[in-house]
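From a predicted model like this one, the values you see are computed outputs, not experimental measurements. As the structure lists them, so they are numbered: ligands from 1, and atoms in each ligand from 1.
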Amino acid sequence: MSRIVHVNGAYLPEAEASVSIFDRGLLFADAVYEVTAVIDGGLVDFDAHQRRLRRSLAELGIAFDPEAADLRGIHRELIARNNLSEGLIYLQVSRGSADRSFVQPAQATPTVMLFTQAQALVDNPEAARGLRVITRPDLRWHRRDIKTTQLLYPSMMKSLAVAEGVDDVWMLEAGTVTEGSSSNAHIITRDGRLVTRALSNDILHGITRAAVLDYAREAALAVEERAFTPAEVMAAEEAFITSATAFVSPVVEIDGTPIGSGCPGPAVARLRSLYIAESRARLSR
Ligand code: PMP
């Protein structure tokens with residue numbers, strides 16, 4: 001079934017939507033993006049995604065005002081036009097089109113594009129069985145806090161994991177885990193503490209990570225924000241990832257070693273239920 005997508009102010013059938021071959025998003029990955037989950041036809045954590053978008057745009061000096069463009073209204077319209085009950089909305093803003101030059105154009109009109117993707121998020125089989133990960137060096141640039149479309153290395157790592165018969169790569173830098181190919185990485189220690197890398201330019205400041213840490217603290221779970229090693233993952237009681245579409249999903253094996261019981265555990269199951277319940281209670285429609 002053909003979707004209705006949004007490009008630069010127009011709603012179009014997907015086959016009729018296009019962007020210029022000179023778009024700097026295509027030529028230089030000079031673009032930022034957001035992925036917002038939709039459940040029950042409502043948007044999860046919409047305001048937090050918009051705040052991060054504004055920050056990414058500011059860091060790259062792309063002059064685009066999400067409020068003036070009424071991105072919230074466009075999200076709602078896409079949900080309605082595509083009758084989307086569960087899935088995601090992808091939003092990308094590039095610096096715009098210009099003759100190819102490494103010098104960023106002083107005047108360019110940002111290219112804005114959004115599309116929906118229907119997908120089961122709540123009843124996700126991966127969350128039920130648990131994910132298996134392998135570790136690889138983190139060879140990305142050092143501004144991972146900016147959500148750019150420069151995703152070649154994470155895509156290579158995810159593909160490598162799948163080719164090796166596992167689910168994902170957890171990337172390592174200076175002996176500690178940075179994050180997954182498209183998720184934040186966390187462990188629950190044997191004494192029940194949630195350990196997650198602190199925010200810095202080393203990782204994307206995950207919207208799901210922030211929400212889960214809030215809900216965990218409200219539920220009186222001890223949270224420690226610091227880097228952890230693969231050895232700590234192997235010795236952990238449980239491990240998990242967070243992302244807008246995976247929500248909270250258990251990780252049950254790293255580099256062939258089972259984590260805890262080697263099956264999805266109760267602490268992560270509780271955090272997943274808590275996250276889904278809190279998100280449902282706060283949907284933006
Ligand atoms: N880290 C990376 C590298 C990611 O690509 C993503 C998801 N795009 C995340 C973390 C999770 O962020 P969020 O919870 O905002 O989806």
- Of the choices Arg52, His49, Met171, Glu179, which has the non-hydrogen atom that lies closest to atom 3 (C) of ligand 1? Glu179
- Query: Using heavy atoms and a threshold below 4.0 Å, how should the contact between Ala244 and ligand 1 be classified: side chain, backbone, both, or neither?
  - Reply: both
- Does Arg140, backbone or side chain, put an N or O under 3.5 Å from an N or O of ligand 1? no
- Item | Steps toward ring-ring contact (aromatic ring centres under 6.0 Å, His included) verdict (Phe115, His6) | CA-CA 6 Å; Phe115 59 82; His6 183 100; over 10 Å; no
- Task: Of all the heavy-atom pairs spanning Arg280 and Ile39, show the shortest one and how long it is.
- Result: CG-CD1, 4.0 Å
- Message: Quick check: Thr208 and ligand 1, any N/O pair under 3.5 Å apart?
- Response: yes
- Task: Flag yes if Leu91 and Ile79 sit in one hydrophobic cluster, no otherwise; membership is Ile, Leu, Val, Met, Phe, Trp, Tyr, and two members link when side-chain heavy atoms are under 4.5 Å apart.
- Result: yes
- Message: So if I count the atoms of ligand 1 from 1 in the order they appear, which ones are less than 4.0 Å from some heavy atom of Thr242?
- Response: 11 (C)
- Is Ile241 reachable from Ile207 through a run of I, L, V, M, F, W or Y residues, each pair having side-chain heavy atoms under 4.5 Å apart? no
- Item | Protein heavy atom at shortest distance from atom 5 (O) of ligand 1 | Ser182 CA, 3.3 Å
- Message: Suppose I only count heavy atoms of Gly206 and a 4.0 Å limit; which atoms of ligand 1 are within that range?
- Response: 12 (O), 13 (P), 14 (O), 15 (O)
- Message: Polar contacts were defined as any N/O atom of the residue lying under 3.5 Å from an N/O atom of the ligand; does this apply to Arg209 and ligand 1?
- Response: no
- Item | Quiz item: cation-pi between Arg272 and Tyr275, 6.0 Å / 45° | no
- Task: Determine the interplanar angle of the His75 and Phe46 rings, folded into 0 to 90°, and report it as parallel if under 30°, tilted if 30 to 60°, perpendicular if over 60°.
- Result: perpendicular
- contact_flag Glu34 ligand 1 heavy-atom lt 4.0 Å: no
- Ile146 to Leu204 - nearest heavy-atom pair and separation: C-CD1, 4.4 Å
- Can you find a non-hydrogen atom of Asn184 under 4.0 Å from ligand 1? yes
- Message: Polar contacts were defined as any N/O atom of the residue lying under 3.5 Å from an N/O atom of the ligand; does this apply to Leu204 and ligand 1?
- Response: no
- Task: Run down the list Ile207, Ile241, Thr178 and name the one with the heavy atom closest to atom 13 (P) of ligand 1.
- Result: Ile207
- Message: Tell me whether Lys147 has any N or O atom under 3.5 angstrom from an N or O of ligand 1.
- Response: yes
- Check the side chains of Asp30 and Ser94 for a donor-acceptor pair under 3.5 angstrom, ignoring hydrogens and angles. no
- So which bit of Thr245 gets within less than 4.0 Å of ligand 1, heavy atoms only: side chain, backbone, both or neither? neither
- Message: For the residue pair Arg81 and Tyr11, would you count it as a cation-pi contact if the rule is NZ or CZ under 6.0 angstrom from the ring centre and within 45 degrees of the ring axis?
- Response: yes
